[in-house]
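Worksheet: the structure to be examined is printed underneath.
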Amino acid sequence: MNEIHTHLTVCAAEASRVARAVTAEQLGTPSVCADWTVRELANHLVLYSAHGLEHRALRTKLPEETTGRDFTAEPDWAEAYAAQLDRALAAWERPGVWDGEVDTGYVTMPATTIASLLVKELALHGWDLARSTGQEFTVPADTAAFVLGVVEEHAEVYRQYEGFAAVVDVADDAPAFVRALATSGRNPKSQAV
């Protein structure tokens with residue numbers, strides 16, 4: 001497998017670990033994402049980082065019934081999320097999947113770019129879910145550096161569409177993942193209220 005698949009696998013494992021520790025009581029509480037509850041954040045994470053990851057590899061659209069689904073209403077949602085991530089990672093192991101482009105319905109990009117953006121999705125929203133539920137989200141230094149590179153490359157486009165907030169000041173020598181969070185407009189010290 002290639003470097004991007006390795007980072008996807010690392011971030012998927014950490015996001016699965018975080019999801020498994022979310023309690024039913026926490027789902028209705030506020031998250032670190034403005035105007036989202038933990039439930040809304042978890043559903044976004046499941047939809048885009050697991051189902052979206054698989055459908056991008058398969059070059060298919062997300063089914064309409066999936067986009068409006070409350071995954072967290074199912075008692076074993078975190079286990080289902082982990083299983084879906086495994087299917088998605090397997091889809092990115094198919095021959096030729098890294099070749100060519102992926103049409104997202106909004107934009108067409110090289111498969112490697114789409115997969116890189118999904119690493120970012122797993123890492124940032126995985127961190128959001130962790131912070132919202134009193135957990136940590138940790139990745140090895142090479143994955144953190146990769147996420148930082150993706151965030152830096154795409155930050156201004158995300159800001160245009162309000163996907164990222166303004167940069168948060170952190171030390172220039174802060175760890176790569178902290179700088180990735182800050183560049184995406186996340187306060188690395190934030191906690192859910």
Side-chain angles (χ1 to χ4, degrees), residues 4-5 7-9 11-133 135 137 150 154 157-158 161-164 184 192:
I4 301 171
H5 194 277
H7 298 311
L8 279 168
T9 303
C11 290
E14 184 67 351
S16 293
R17 182 196 63 76
V18 167
R20 285 181 171 116
V22 175
T23 66
E25 295 75 28
Q26 290 172 318
L27 291 171
T29 62
S31 77
V32 296
C33 299
D35 302 323
W36 276 8
T37 63
V38 170
R39 179 183 308 279
E40 291 165 323
L41 171 59
N43 280 320
H44 178 87
L45 183 65
V46 172
L47 178 63
Y48 291 105
S49 75
H51 292 275
L53 181 62
E54 180 181 28
H55 283 277
R56 297 300 184 236
L58 299 174
R59 306 324 200 251
T60 56
K61 288 178 64 171
L62 280 167
E64 201 170 306
E65 66 272 10
T66 305
T67 59
R69 186 168 156 197
D70 180 3
F71 299 99
T72 64
E74 300 162 19
D76 62 344
W77 72 269
E79 293 304 323
Y81 173 53
Q84 179 59 42
L85 279 170
D86 287 344
R87 282 190 294 278
L89 291 168
W92 282 95
E93 293 173 359
R94 295 178 316 126
V97 74
W98 295 94
D99 300 332
E101 296 190 326
V102 175
D103 180 357
T104 68
Y106 304 102
V107 66
T108 300
M109 295 181 172
T112 53
T113 302
I114 291 292
S116 297
L117 291 170
L118 288 161
V119 171
K120 181 244 352 134
E121 182 82 8
L122 273 163
L124 296 185
H125 284 311
W127 180 87
D128 292 335
L129 186 61
R131 274 305 167 102
S132 298
T133 56
Q135 302 180 64
F137 189 94
V150 174
H154 299 279
V157 172
Y158 272 81
Y161 297 98
E162 299 181 3
F164 285 174
S184 75

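Using modelled atom types, no side-chain atom of Asp70 and backbone atom of Asn43 make a donor-acceptor pair closer than 3.5 Å. A donor-acceptor pair is defined here as one N or O able to donate and one able to accept, closer than 3.5 Å; such a pair exists between the side chain of His5 and the backbone of Leu89. Side-chain atoms of Arg56 do not come within 3.5 Å of backbone N or O of Leu53 as any donor-acceptor pair. A donor-acceptor pair under 3.5 Å is formed between the side chain of Arg59 and the backbone N or O of Ala57. Looking only at distances, no side-chain donor or acceptor of Ser116 sits under 3.5 Å from a matching main-chain atom of Val150. For the pair Ser184 (side chain) and Phe164 (backbone), a donor-acceptor distance under 3.5 Å is absent. A donor-acceptor pair is defined here as one N or O able to donate and one able to accept, closer than 3.5 Å; such a pair exists between the side chain of Gln135 and the backbone of Val18.
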*For the pair Leu122 and His7, evaluate side chain to side chain contact (heavy atoms under 4.5 Å, CB included) and give the outcome as yes or no after the intermediate values.*
CA-CA 10 Å; Leu122 273 163; His7 298 311; over 6 Å; no

*Please assess His51 against Phe71 for the test ring pair (Phe, Tyr, Trp, His ring centres under 6.0 Å), listing each intermediate value before the final yes or no.*
CA-CA 11 Å; His51 292 275; Phe71 299 99; 5.0 Å; yes

*Stepwise side chain to side chain contact (heavy atoms under 4.5 Å, CB included) check, Val38 with Leu129*: CA-CA 7 Å; Val38 170; Leu129 186 61; 3.8 Å; yes

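In Asp35, the CG atom is not crowded: 12 or fewer heavy atoms of neighbouring residues, nucleotides or ligands sit closer than 6.0 Å. Within a 6.0 Å radius of CD in Glu65, more than 12 heavy atoms belonging to other residues, nucleotides or ligands are found.
Shown here for Leu85 and Ser16, the closest heavy-atom pair between the two residues is CD1-OG, 3.3 Å. In terms of heavy atoms, Ala21 sits closest to Gln26 at O-OE1, 3.9 Å. Smallest separation of non-hydrogen atoms from Ala88 and Ala50: CB-O, 3.5 Å.
Under the 4.5 Å side-chain criterion, counting only non-hydrogen atoms from C-beta, Leu41 is in contact with His125. A 4.5 Å side-chain heavy-atom check between Lys61 and His55 finds every atom pair outside the cut-off. Residues Leu58 and Arg94 meet the side-chain proximity criterion, which asks for heavy atoms closer than 4.5 Å. Residues Leu45 and Tyr81 are in side-chain contact: their nearest non-hydrogen atoms beyond the backbone lie under 4.5 Å apart. Residues Val46 and Gln84 fail the side-chain proximity criterion, which asks for heavy atoms closer than 4.5 Å. Using a 4.5 Å cut-off on side-chain heavy atoms (C-beta onward), Trp77 and Val22 make contact.
Between the CG atom of Asp86 and the OG1 atom of Thr9 there is a distance of 9.0 Å, given to the nearest 0.5 Å.
Residues passing the side chain to side chain contact (heavy atoms under 4.5 Å, CB included) test with Ala115 are Ile4, Leu8, Trp92, Trp98, sequence neighbours excluded.
Taking the six-membered ring where the residue is Trp, Tyr48 and His44 present tilted rings, their angle falling between 30° and 60°.
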